[in-house]
Trainee: 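I have a structure I would like to understand better, so I am pasting it below and will then ask my questions one at a time.
If you're wondering where the values come from, they're calculated on a predicted model, not measured in any experiment. Atoms within each ligand, like the ligands themselves, are counted from 1 in listed order. Side-chain atoms are counted along with the backbone in the values below, which use heavy atoms only and exclude waters and symmetry mates.
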Amino acid sequence: MPIYEFLCQRCHEKSSVLVRNISAPVVPTCPFCGSSEMVRVISSFAYHKSTQAVWDESGPPRNHADKDYYKDPRNIGRWTEQRVKEMGVEMPPKVQEKIRAAREGVLPPELGV
Ligand SMILES: [Zn+2]
């Protein structure tokens, strides 16, 4: 049975939910504050990765003008990451999560890719 991790958007505590039936929707509730504003995080390991570590893993960026640029899912969100990096801050977890989801094939419209 998989264990999903969720980050509470209200109190920012993280909690794990053991998923007994993977086909049933998971409606997590924060055990700390009772909020249901929970965002799934893929794993605590990935969540703590720095932007640089993510870059190192996904390799050097390709030429942005390449017409196949976004066919490589590793490039999705890279410019968002770069902008955040230029500002000298770490990517907010919510944005990291969206980029990760996009790289897995779920494209959020606000990334504009
Ligand atoms: Zn909470």
Trainee: Quick one: pull up CD in Glu13 and SG in Cys33 and give me the separation to the nearest 0.5 Å.
Mentor: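 So the gap between those two atoms works out to 8.5 Å.
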Trainee: Quick one: does Val17's side chain get under 4.5 Å of Phe6's, heavy atoms only?
Mentor: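 In contact.
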Trainee: Is Cys11 close to Cys30 at the side-chain level, that is, under 4.5 Å between some pair of heavy atoms?
Mentor: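 Yes; the side chains approach each other to less than 4.5 Å.
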Trainee: Closer than 2.8 Å to the Zn ion (ligand 1): does that hold for any N, O or S atom in His12?
Mentor: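 Checking His12: none of its N, O or S atoms is under 2.8 Å.
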Trainee: What's the SG-the Zn ion (ligand 1)-SG angle here (Cys33, Cys11), rounded to 10 degrees?
Mentor: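 Seen from the Zn ion (ligand 1), SG and SG are separated by roughly 110°.
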Trainee: Once rounded to 10°, what is the value of the angle centred on the Zn ion (ligand 1) between Cys30 SG and Cys8 SG?
Mentor: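 Vertex at the Zn ion (ligand 1): approximately 110°.
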Trainee: Once you round to the nearest 0.5 Å, how far does CD of Glu97 lie from CG of Leu7?
Mentor: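 Here the interatomic distance stands at 9.5 Å.
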